[in-house]
Each structure stands twice: as C-alpha cells, then as structure tokens.
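FYI, the numbering just counts along the sequence from 1. In listed order, ligands and their atoms are each counted from 1.
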Amino acid sequence: MTKINPTALLKENGLKHTRQRVRVLEEIALDTVAISQPELEKKLGKEIDRVTLYRILNIYQDKGILHRIMDINGTANYAICSAACSEDHHHDDHVHFNCTCCLKIYCLEVKAPHLKMPHGFKAVTTNTTAYGICEKCAQLETESGTELQ
Ligand SMILES: [Zn+2]
Ligand SMILES: [Zn+2]
C-alpha cells in the first residue's frame, strides 16, 4: 500500500488544500487495490458532487498523483502513483492485474515489458493489464471446495 500524506502531497504539487481534495486522496489511498469511479462516487457522494469529483480526479492525473486504469468493463479505476511520478511525467510502468472474479484492479510490483515501437511511432504511455484470478479469489475457491476442472 502506498502510504501518502494528503496534505503534504497537495503542497508538493502546488495545489490548494481543500477538505474535498483531501477526502478524495484519503479514499483512494485506503486500499491496496484501485478504486473505481462509481465506488468513489458512492463513498463521497454526500460530500462531493460528481462534477467536482471529476475535476479533482483530472487534476490529480495531470499532476502525476493518480493514474487511471480501465477495467475489463471499461470502467475507470484510480490508484495512487508512485513517488517518482510528477506532472507530465508518469513513471507508472508497472503491470496491472484485473481479476475477472472480483473485478478488482491491483497495481503489481512487476515492471511492464518495454515495447519496441515501429519507426515513426512515439509511445508516451503504455498500459499492460493482465487478466485472471487474483490471490484472494483463488483462495476462496479452494476453501469452498469448488475445484475448477
Ligand atoms: Zn479477485
Ligand atoms: Zn497502478
């Protein structure tokens, strides 16, 4: 889990400290897995309206505080970036894992393979997502005794 200090993070990035901005960071940093936009809306809906939330998420992405990962259903998920990320310069070259059972997205400490682009193509970001069954779901499967053949 990426330990963050919302107040310090806002200051470092020259962002004004607001209660709402802190709340968004707190919610996203709460779990080791990425949080989906609908889930964020559900959790923060009483405190932050959709438009404001959307705006905050965009600012955070621009600043390299968050990265967005699309899941298997095309839903946006957000995770805190590593400290190496900064404005216009994301270093999140890690592999994501999207569990097809619980649909959670994990940021793995696995470096994404470097893709060699054809001549004339300049890749700015690449996205590597592995799909399958996560550790937790695999364990539940074993415990309930339902062996997959
Ligand atoms: Zn799972
Ligand atoms: Zn990630």
Side-chain angles (χ1 to χ4, degrees), residues 1-15 17-18 20-45 48 50 52-117 121-149:
M1 171 159 155
T2 322
K3 274 268 173 230
I4 59 147
N5 177 342
T7 308
L9 207 53
L10 288 173
K11 207 172 165 192
E12 270 168 37
N13 286 281
L15 293 171
H17 181 278
T18 68
Q20 292 177 326
R21 285 179 175 173
V22 170
R23 287 291 295 124
V24 172
L25 284 178
E26 281 175 352
E27 276 308 323
I28 296 176
L30 214 56
D31 208 345
T32 47
V33 294
I35 186 164
S36 73
Q37 189 149 345
E39 212 175 318
L40 263 180
E41 281 172 17
K42 208 165 67 190
K43 283 190 168 171
L44 297 170
I48 308 172
R50 266 179 99 153
T52 310
L53 177 63
Y54 194 72
R55 210 177 288 147
I56 292 174
L57 290 172
N58 276 337
I59 294 171
Y60 285 169
Q61 268 191 96
D62 288 347
K63 292 283 185 186
I65 296 172
L66 292 180
H67 57 289
R68 183 170 61 191
I69 315 109
M70 302 306 266
D71 71 14
I72 200 164
N73 296 321
T75 306
N77 283 254
Y78 296 91
I80 301 283
C81 286
S82 70
C85 289
S86 63
E87 197 164 1
D88 303 321
H89 213 94
H90 281 272
H91 285 281
D92 285 293
D93 54 355
H94 55 273
V95 171
H96 288 113
F97 191 93
N98 193 182
C99 179
T100 52
C101 183
C102 64
L103 297 178
K104 286 194 168 85
I105 291 183
Y106 297 79
C107 291
L108 298 184
E109 280 175 37
V110 174
K111 206 171 159 27
H114 177 76
L115 304 175
K116 202 175 177 318
M117 292 295 133
F121 290 82
K122 193 174 182 291
V124 180
T125 45
T126 51
N127 219 321
T128 312
T129 307
Y131 300 92
I133 308 290
C134 76
E135 200 183 15
K136 271 187 199 150
C137 290
Q139 218 161 37
L140 285 176
E141 229 162 56
T142 325
E143 278 167 16
S144 63
T146 41
E147 288 291 332
L148 282 182
Q149 292 290 313

Ignoring hydrogens and geometry, is there a side-chain-to-backbone donor-acceptor pair from [X] to [Y] under 3.5 Å?
{"X": "Asn98", "Y": "Ile72", "result": "yes"}
{"X": "Asn77", "Y": "Thr75", "result": "yes"}
{"X": "Tyr60", "Y": "Arg21", "result": "yes"}
{"X": "Asn5", "Y": "Thr7", "result": "yes"}
{"X": "His94", "Y": "Leu108", "result": "no"}

Q) Does the distance from a Lys or Arg side-chain N to an Asp or Glu carboxylate O, for Glu39 and Lys42, drop under 4.0 Å? A)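 No, this pair does not count.
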Q. In degrees, rounded to 10 degrees, what angle do His96 atom NE2 and Cys107 atom SG make at the Zn ion (ligand 2)?
A.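 The two atoms subtend 110° at the Zn ion (ligand 2).
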Q | Three-point angle His67:NE2, the Zn ion (ligand 2), His94:NE2, rounded to the nearest 10° | A |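 Answer comes to 110°, rounded to 10°.
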Q.
Around atom NE2 of His114, are there more than 12 heavy atoms from other residues, nucleotides or ligands closer than 6.0 Å?
A.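 Open.
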Q | Protein N/O/S atoms closer than 2.8 Å to the Zn ion (ligand 1) | A |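 Protein N, O or S atoms closer than 2.8 Å to the Zn ion (ligand 1): Cys99 SG, Cys102 SG, Cys134 SG, Cys137 SG.
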